[in-house]
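Written out below as structure tokens is the structure these notes cover.
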Amino acid sequence: MRSKPLPRTFYDRSVVQVARELLGKQLIRKTDDGITSGRIVEVEAYKAKGDPACHAARGRTRRNATMFGPPGHAYVYTIHAKFCFNVVTQPEGEPSAVLVRAVEPLDGIELMKHRRSRDKLLDLTRGPARMCEAMALDTTHDAIDLTNDDRLWITDDETYQIKRSQIGSSPRIGISSAQRLKLRYFLRENEFVSGPRWLSHA
DNA sequence: CTACCGATTGACT
DNA sequence: GTCAATCGGTAGA
């Protein structure tokens with residue numbers, strides 16, 4: 001039995017709305033080695049317009065081509081010889097995406113420990129590249145359709161409800177431009193949120 | 001082809 | 001807290 005993927009209509013909305021509503025959802029990854037899953041606790045929005053930090057800000061390239069495609073697909077890219085996982089939002093032609101920066105490990109914790117060569121729970125999925133390593137995600141998973149693929153999808157955890165007051169926001173991490181845009185969203189007081197502590201209560 | 005650099009991480013003081 | 005490793009993507013010659 002497989003949990004139900006979020007429908008296309010969930011992703012086909014403004015990037016900020018999708019980003020905030022992704023908090024608390026479950027990211028599920030299936031490989032021959034088994035299933036790993038985690039609760040999304042930290043995300044960042046990258047907007048099509050007025051956002052110089054967005055990869056698509058300077059036009060389409062081979063790397064960011066997935067962002068120009070339909071919503072609900074994975075956008076995976078390399079950075080510093082590591083990987084980051086994003087979700088494409090908005091209609092085609094409005095290249096926006098949500099970066100998933102951290103999840104709280106749920107299923108497959110032993111498998112994650114093995115992939116990460118780390119034993120501490122906090123070191124498994126706290127940070128975008130760590131999360132990708134724990135869930136065995138790389139650029140071969142770029143452009144996967146998250147609404148229709150047995151390897152990777154996101155599902156609603158109906159038993160886990162988020163109150164608006166639980167969501168914090170801050171400038172995005174590792175971004176020098178557009179500091180005034182508070183496009184990072186996270187679950188306050190969740191220990192698996194990455195970044196400096198002073199940014200985790202904003 | 002070369003040069004530069006980043007939506008990061010882990011080791012170290 | 002500081003800092004260097006890392007390597008594919010991109011722009012430019």
Side-chain angles (χ1 to χ4, degrees), chain A residues 11 14-16 18-20 22-23 27 38 40-69 71 73-90 94-105 112-144 146 152 154 168-187 191-202:
Chain A
Y11 300 103
S14 84
V15 65
V16 168
V18 174
R20 293 177 64 97
L22 275 175
L23 293 173
L27 176 64
I40 297 173
V41 298
E42 181 188 2
V43 297
E44 287 177 358
Y46 288 85
K47 303 171 74 168
K49 296 178 179 173
D51 182 6
C54 181
H55 282 173
R58 281 178 294 278
R60 180 176 180 146
T61 65
R62 176 141 106 232
R63 174 208 217 187
N64 65 22
T66 305
M67 282 181 94
F68 289 76
H73 287 234
Y75 168 44
V76 184
Y77 64 89
T78 60
I79 185 72
H80 290 282
K82 301 174 179 66
F83 305 101
C84 289
F85 166 76
N86 301 248
V87 172
V88 177
T89 68
Q90 292 264 330
E94 295 275 320
S96 307
V98 178
L99 168 68
V100 178
R101 285 193 59 89
V103 302
E104 175 180 341
M112 294 190 200
K113 287 180 178 176
H114 179 253
R115 286 171 177 159
R116 290 271 301 129
S117 303
R118 293 285 187 290
D119 209 43
K120 287 171 56 182
L121 204 56
L122 273 172
D123 289 339
L124 296 181
T125 57
R126 190 166 161 302
R130 292 174 181 147
M131 186 203 78
C132 282
E133 190 176 26
M135 299 195 118
L137 291 171
D138 58 48
T139 49
T140 63
H141 308 289
D142 181 53
I144 278 185
L146 296 170
L152 184 66
I154 300 174
S169 67
S170 82
R172 292 167 294 186
I173 290 179
I175 299 288
S176 52
S177 63
Q179 276 295 305
R180 48 178 290 156
L181 296 177
K182 292 199 169 32
L183 293 176
R184 172 175 175 258
Y185 304 100
F186 53 90
L187 296 182
E191 59 183 342
F192 294 96
V193 172
S194 74
R197 194 185 163 77
W198 62 272
L199 274 181
S200 298
H201 293 272

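Quick note on labels: first sequence line is chain A, next is B, and so on, each numbered from 1.
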### Query
Per the salt bridge (charged side-chain N to carboxylate O under 4.0 Å, His left out) rule, which among A:K82, A:R116, A:K113, A:R118 passes with A:E133?
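For A:E133, the salt bridge (charged side-chain N to carboxylate O under 4.0 Å, His left out) check succeeds only for A:R116.
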
### Task
Determine the minimum heavy-atom distance between A:F85 and A:L99, stating which atoms define it.
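Closest approach of A:F85 to A:L99, heavy atoms only: O-CD1, 3.5 Å.
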
### Least distance between heavy atoms, A:S194 atom then A:G127 atom
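Looks like CB-N, 3.9 Å.
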
Need one value for [X]: base, sugar-phosphate or nothing, where a base atom within 4.0 Å counts as base even if backbone is also close, heavy atoms only.
X      : answer
A:R116 : sugar-phosphate
A:A129 : sugar-phosphate
A:R63  : sugar-phosphate
A:R101 : sugar-phosphate

### Task
Applying side-chain contact (heavy atoms from CB on, under 4.5 Å), run through A:T66 and A:Y77 and close with a yes or a no.
CA-CA 10 Å; A:T66 305; A:Y77 64 89; over 6 Å; no

#### Entry: Nearest-nucleotide comparison on DNA chain C, the residue closer to the 5′ end among A:H80 and A:T139
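Nearer the 5' end of the strand: A:H80.
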
### Task
Check the pair A:D142, A:Y75 against side-chain contact (heavy atoms from CB on, under 4.5 Å), reporting the backbone distance first and the verdict last.
CA-CA 5 Å; A:D142 181 53; A:Y75 168 44; 3.6 Å; yes

### Query
Could you state the CZ-P distance from A:R60 to C:dT10, rounded to the nearest angstrom?
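It is 12 Å, rounded to the nearest whole Å.
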
### Query
Taking atom C1' of C:dG8 as reference, at what distance in whole Å does atom CG of A:D142 sit?
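Distance check: A:D142 CG to C:dG8 C1' gives 14 Å.
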
### Query
Rounded to the nearest 0.5 Å, how far apart are CE of A:M112 and CZ of A:R130?
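The distance works out to 14.5 Å.
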
### Query
Would you say the side-chain atoms of A:R115 pair up with the backbone N or O of A:A134, donor to acceptor, closer than 3.5 Å?
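Yes, A:R115 side chain to A:A134 backbone: donor-acceptor pair under 3.5 Å.
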
### Boundaries of the DNA chain B segment in contact with chain A, non-hydrogen, under 4.0 Å
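Going 5' to 3' along DNA chain B, contacts run B:dG6 to B:dA11.
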
### Query
Do A:D138 and A:V76 come within less than 4.5 Å of each other through their side chains, counting heavy atoms only?
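SC-SC contact between A:D138 and A:V76 ruled out.
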
### Task
Please state whether the phosphate of C:dT10, meaning OP1 or OP2, lies under 4.0 angstrom from any side-chain nitrogen or oxygen of A:T61.
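Answer yes for this pair, as a side-chain N or O of A:T61 is under 4.0 Å from OP1 or OP2.
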
### Query
Is the shortest side-chain N to carboxylate O distance from A:E94 to A:K49 below 4.0 Å?
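Answer for the salt bridge query: yes.
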
### Task
Dot-bracket notation for DNA chain C is requested: 5' to 3', Watson-Crick or G-U wobble pairs only, both distances under 3.5 Å, with ( ), [ ], | and . as defined.
|||||.||||||.

#### Entry: Closest-nucleotide ordering on DNA chain B, the 5'-leading residue of A:G174 and A:D123
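The residue mapped nearer the 5' terminus is A:G174.
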
